[in-house]
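Within every chain, numbering begins at 1; the chains are lettered A, B, ... in the order of the sequence lines, protein sequences first and strands thereafter.
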Amino acid sequence: MSIALSEQEIIRRESLQQLRALGINPYPAEEYKVTAFAQDITDNFEAFPDTYKHVAIAGRIMMRRIMGNASFFELQDATGRVQVYIKRDDICSGEDKTLYNTVFKKLLDIGDYVGVKGYVFLTQTGEISVHTQELTILSKSLKPLPIVRRDDEGNIYDAFTDPEMRYRQRYVDLTVNPEFKQIFIKRSKVISAMRNYFNNQGWMEVETPILQPVHGGAAARPFATHHNTLDMPLFLRIANELYLKRLIVAGFDGVYEFGKMFRNEGMDRTHNPEFTAMEIYVAYKDYIWMMAMVEECLELVTRAVHGIAAVQVGANEINFAGPYTRLTMYESIQKYTGIDVSAMDEAGLREVCEDLKIEVDASMGKGKLIDEIFSAKVEANLIQPTYITDYPIEMTPLAKKHRTKDGLVERFELFVNGKEIANAYSELNDPIDQRERLEEQLILAGRGDDEAMAMDDDFLRALEYGMPPTSGLGIGIDRLVMLLTNQSTIQEVLFFPQMRPEKKTKVSTADDFVKIGVPTEWVQVLNKMGFNTVEELKAANPNKVFNDLGGMRKKLKLDITMPAKEVVMGWFV
RNA sequence: GAUUCCGUAGCUCAGCUGGUAGAGCAUAACACUUUUAAUGUUGGGGUCCUGGGUUCGAAUCCCAGCGGGAUCACCA
């Protein structure tokens, strides 16, 4: 980050002072009563011209076309852009033309918030515009926005596309690339549609702890923190599953939670350290029931976002109308590799992996090996929504044993466009079985499987009191939104994706410089000369600094008094 | 974590085999009362990511670091 202000920033700060000098508050406190929006005006003016005879709109100036005593500018509000026409003699009825000649033409900039009162009309070239009768400054912008230009055909010039700046300064991104707001609007619709659906079924939204003493319910490395008063370690949750099941034990029939999960693992275009999951648990149901529920829910969500049940994702059109294809895990492996792994033991599976050139290691058990084959050979083929069911018991310590098939559990995952979107079980409610299964996880952990799950004694105690048969479902909201908005990176569906910290240049404050005797108005000059800290300045040659100050004063055309040489020498004492 | 590409003005980008930095927009000044990627004329604006090295001389070549992208590996 540069410390010294750029030329344009200095000019804007000077404009700010001049506005104040003219008695105009650049940051007024009063409410500005908005009565119209850009999109509404451009959509409906021609059909209902009479309704737009007195409008008040507010937003940012995004482009200006000044032509002598009349000008056009584009005002951008939350809904879009509308052109505004402003004529000197309309806003300056008397002799004093300051408001137009000075305030509008000189002191306002692209990015400033203004309010415009006036009437809507059609220009000679047929553009719907607002004719200004009253102009109000609502907020002065001190940093120039990137300029993105568009022509009539919608071609974009000088697009602001640098991902680093877009993610770090999302406020700039969404200001100059407002089309990206659609992703977040759709994200909001996905969540609200799902929430409405659940509420309509009579299920209850709940909140469970984010700070957990045991990070259970999934297998992942947690973020660790510490509570001072209790002097105990706490973890940011990696899952909320075990708490939601406690609520089923408590007697709620249907509970769900949208929430952030935190996993201390790698970051890439499908992983952010914090991500949003939705988990729902419904009593007296099983995973077969859950498949039908998910089909209904996702079709409804897709329609809420797109109006239809289908969505274009890359080259594929995905149809969310159910029912979805159902394949058992073994069937899916047979279908895409021709190999029947259903009866194989660990040694047989290792052979298969070797034949298929899948990398494995010694820590992997039977379930993990099957999962590796599935990931490598099947997943990418599952484009239309497909349920993969009946997983090996070793991979799934929280799901109920299959009602008829030995060695399997009642679980499905929903795959769409080659990626997992949802995961569901008939939940394990046999407390003795659950304890054994978690103990097996401890053994796996002992073999070096760092994904093995931790023991949670309080959760087991809850199960011992009795949990009704229950089906549970988890959906990765970020990935669902990626799918429904045709985005290939998770960063695009998160407002503020995690980034490495910005490089900060060490800076002394203006006060630090003043303390060693530098006149306030010269601090900026020193910064401009490359002295960002008092230490850097003191390390320099005093005579050279004194000479350079004069040079900078001339170069920057500063009308400030040159400090005496003794004063400058004093800085270096 | 590995490989690879990138980092130059407020923004988008040029910059050749090394010779001391350019364009468009933005900005400043002037002109212009229905323009629209407004236009015309003139001007200002740079720690060429940071630090080393090679060289008479580095935005350019070499090394290291920082930040980002892409691909791969792990995970949702």
Minimum-distance nucleotide (side-chain atoms of D162(A) versus A70(B), U35(B), U12(B)):
U12(B)
Salt bridge (Lys or Arg N to Asp or Glu O under 4.0 Å), that's the test. Do E492(A) and R187(A) meet it? Break it down for me.
CA-CA 11 Å; E492(A) 291 293 354; R187(A) 181 182 175 115; over 6 Å; no
With a 3.5 Å limit on both atom pairs, tell me what G24(B) is paired to, counting Watson-Crick and G-U wobble, or say none.
C11(B)
Between the protein and nucleotides 37-39 of chain B, list the N/O to N/O atom pairs that are separated by less than 3.5 angstrom.
residue	atom	partner	partner atom	Å
A37(B)	OP2	D152(A)	OD1	2.9
A37(B)	OP2	D152(A)	OD2	3.4
A37(B)	O4'	R150(A)	O	3.1
A37(B)	N6	Y157(A)	OH	3.3
A37(B)	N3	R149(A)	NH1	3.0
A38(B)	OP2	R65(A)	NH1	2.5
A38(B)	N6	I66(A)	O	2.7

Please work out if R269(A) contacts a base, only the sugar-phosphate, or nothing of the nucleic acid, heavy-atom cut-off 4.0 Å.
sugar-phosphate
Can you list the residues that meet the salt bridge (Lys or Arg N to Asp or Glu O under 4.0 Å) rule with R411(A), with sequence neighbours excluded?
E413(A)
Find the partner of U4(B): check Watson-Crick (N1-N3 plus N6-O4 or O6-N4) and G-U wobble (N1-O2, O6-N3) distances, both under 3.5 Å, and reply none if neither fits.
G69(B)
Any base atoms under 4.0 Å from Q83(A), or only sugar-phosphate, or nothing? Heavy atoms, all strands.
base
Does CD belonging to Q384(A) count more than 12 external heavy atoms closer than 6.0 Å?
yes
Result of checking E257(A), E274(A), E207(A), E279(A) against R237(A) for salt bridge (charged side-chain N to carboxylate O under 4.0 Å, His left out):
E257(A)
Distance test, side-chain N/O of K143(A) to OP1/OP2 of A26(B), below 4.0 Å
no
Given R81(A), R150(A), K186(A), the one that forms salt bridge (charged side-chain N to carboxylate O under 4.0 Å, His left out) with E179(A):
R150(A)
Can you tell me how far P of A23(B) sits from CD1 of I147(A), to the nearest Å?
19 Å
Name the nucleic acid region contacted by A277(A), choosing base, sugar-phosphate or nothing; use a 4.0 angstrom heavy-atom cut-off, strictly under.
nothing
Whole-Å gap separating P (U33(B)) and CG (N101(A))
12 Å
Sorted by number, the residues of residues 371-380 of chain A with heavy-atom contact under 4.0 Å to RNA chain B
none
Among all residues two or more places apart in sequence or in another chain, which pass the ring-ring contact (aromatic ring centres under 6.0 Å, His included) test with Y425(A)?
none
Passes ring pair (Phe, Tyr, Trp, His ring centres under 6.0 Å), Y287(A) versus Y387(A)? Steps please.
CA-CA 11 Å; Y287(A) 78 138; Y387(A) 289 125; 9.5 Å; no
Quick check: any donor-acceptor pair below 3.5 Å linking the side-chain of T123(A) to the base of U35(B)?
yes
Below 3.5 Å, does any donor atom in the side chain of E164(A) face an acceptor in the base of G67(B), or the other way round?
no
Identify whether any heavy atom of D90(A) sits under 4.0 Å from a base atom; if not, whether one sits that close to sugar-phosphate; answer base, sugar-phosphate or nothing.
nothing
Pairing residues for R64(A) by the salt bridge (Lys or Arg N to Asp or Glu O under 4.0 Å) criterion, not counting sequence neighbours
none
Just call it for N423(A): base, sugar-phosphate, or nothing, with non-hydrogen atoms closer than 4.0 Å on any strand.
nothing
Base paired to C30(B) (Watson-Crick or G-U; both N/O distances under 3.5 angstrom)
G40(B)
Short side-chain N/O contact to G68(B) OP1/OP2 from R500(A), under 4.0 Å:
yes
Tell me: CE of M267(A) to P of C72(B), nearest whole Å?
18 Å
When all nucleic acid strands are considered with a 4.0 Å heavy-atom cut-off, which category describes D268(A): base, sugar-phosphate, or nothing?
base
When you measure from the side chain of T42(A) to the backbone of Q39(A), do you find a donor-acceptor pair of N or O atoms at a distance under 3.5 Å?
yes
Give one of base, sugar-phosphate or nothing for E127(A), where a contact means two heavy atoms less than 4.0 Å apart.
base
So which pairs with a foot in residues 86-108 of chain A pass ring pair (Phe, Tyr, Trp, His ring centres under 6.0 Å), sequence neighbours left out?
F73(A)-F104(A), Y100(A)-F104(A)
Just to be sure I understand the rule, does K106(A) reach a base, reach only the sugar-phosphate, or reach nothing, if contact means heavy atoms closer than 4.0 Å?
sugar-phosphate
